[in-house]
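Everything on this sheet refers to the single structure shown next.
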Amino acid sequence: KSYIVSNKKLIYIEVFNLIWLREKIYMKKQYAFYAVTAALVVAISLFIIIPVPASNGFFTFADVGIVTASLVFGPIGGLVVGAMSGGLIDLLSGYAQWIIFSALIHGAQGYIAGLAKDKGRKEKVLYLVLSAVVMIVGYAIASWILYGTAAAAIAGLFTNILQSGVGVLIAIPISIRLKPVIERYL
């Protein structure tokens, strides 16, 4: 009888190990996708970068990539891609003073947009609008902190509204097309 019990324990341990190994391999694939996506977002953003002197900032298509990644990968993928790409874009474009703010703001934006994954239309719109608001308000607060005036925060509002709105509008159809392809490989 003890032989049977120990065989069952052995089977349970082996099943657990296989599940754990499969999950570990799956997570490594996900992280690889996150890293490649963040690199792609950075490359696209640096290719098309429009300086905005009034706010001492710039307009990019980073939000397209961040929201697309969020809708395809979910909240954790959105957080990772948003934080990595937001910080790296600032570092590589000469706006090092913004790195921490951008990583936090775009990470939060990505996480919230990722909550829209697999939701109904109304919930998806709510999460995407909320992610845009987080980005816009986050950069207004960051501008105020960096430059010490509300005028700096107000100066960047239009650009951030435009960048976030364009990002969401372009990301929705892209993510619809990409989602089945990515899921096939994960």
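We use all heavy atoms of the structure for the numbers below, so side chains are in, but hydrogens, waters and symmetry mates are not.
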Can you list every pair that meets ring pair (Phe, Tyr, Trp, His ring centres under 6.0 Å) and has a residue in residues 64-91, with sequence neighbours left out?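 Qualifying pairs: Tyr34-Phe73.
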Run the side chain to side chain contact (heavy atoms under 4.5 Å, CB included) check on Ser70 and Val81 step by step: do they pass? CA-CA 8 Å; Ser70 301; Val81 171; over 6 Å; no
By ring-ring contact (aromatic ring centres under 6.0 Å, His included) - contacts of [X] (at least two apart):
X: Tyr127; result: none
X: Phe58; result: Tyr95
X: Tyr139; result: Trp98, His106
X: Phe59; result: Phe61

Residues in side-chain contact (heavy atoms from CB on, under 4.5 Å) contact with Val133, at least two apart in sequence or another chain: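 Applying side-chain contact (heavy atoms from CB on, under 4.5 Å) to Val133 gives Val129, Val137.
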Report the residues that fulfil side chain to side chain donor-acceptor pair (under 3.5 Å) with Lys119, sequence neighbours left out, ordered by chain and then residue number.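 Per chain and number, Lys119 pairs via side chain to side chain donor-acceptor pair (under 3.5 Å) with no residue.
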Partner set under side chain to side chain donor-acceptor pair (under 3.5 Å) for Asp90, not counting sequence neighbours: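 Testing Asp90 for side chain to side chain donor-acceptor pair (under 3.5 Å), a comparison that skips the adjacent residues, returns Ser102.
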Under a 4.5 Å cut-off applied to non-hydrogen side-chain atoms, are Val181 and Arg184 in contact?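 Answer yes - side chains close enough.
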From [atom1] ([X]) to [atom2] ([Y]), nearest 0.5 Å:
X: Ile89; Y: Ile66; atom1: CD1; atom2: CD1; result: 6.0 Å
X: Gln109; Y: Leu128; atom1: CD; atom2: CG; result: 9.5 Å
X: Leu130; Y: Ile112; atom1: CG; atom2: CD1; result: 4.5 Å

Is it possible for you to say whether [X] and [Y] belong to one hydrophobic cluster, with membership spreading through side-chain heavy-atom contacts below 4.5 Å?
X: Met84; Y: Val67; result: no
X: Ile76; Y: Leu115; result: yes
X: Val64; Y: Leu79; result: yes
X: Leu88; Y: Phe101; result: yes
X: Phe33; Y: Tyr31; result: yes

Donor-acceptor pairs under 3.5 angstrom involving side-chain atoms of residues 144-159: please list them, not counting sequence neighbours.
from, atom 1, to, atom 2, distance (Å)
Tyr147, OH, Asn56, ND2, 2.6
Thr149, OG1, Ala152, N, 3.3

Sequence neighbours left out, cut at 3.5 Å: what donor-acceptor pairs do the side chains of residues 40-54 make with other protein atoms?
from, atom 1, to, atom 2, distance (Å)
Ser45, OG, Val41, O, 2.8
Ser45, OG, Ala62, N, 3.3

Without placing hydrogens or testing angles, list every side-chain donor-acceptor pair under 3.5 Å for residues 163-174, not counting sequence neighbours.
from, atom 1, to, atom 2, distance (Å)
Gln163, OE1, Thr60, N, 3.3
Gln163, NE2, Asp63, OD1, 2.8

side-chain hydrogen bond (donor to acceptor under 3.5 Å, both in side chains) pairs, two or more places apart, involving residues 173-183: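 Of all non-adjacent pairs touching residues 173-183, those that pass side-chain hydrogen bond (donor to acceptor under 3.5 Å, both in side chains) are Asp118-Lys179.
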Over 12 foreign heavy atoms within 6.0 Å of CG, Leu92: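 Enclosed.
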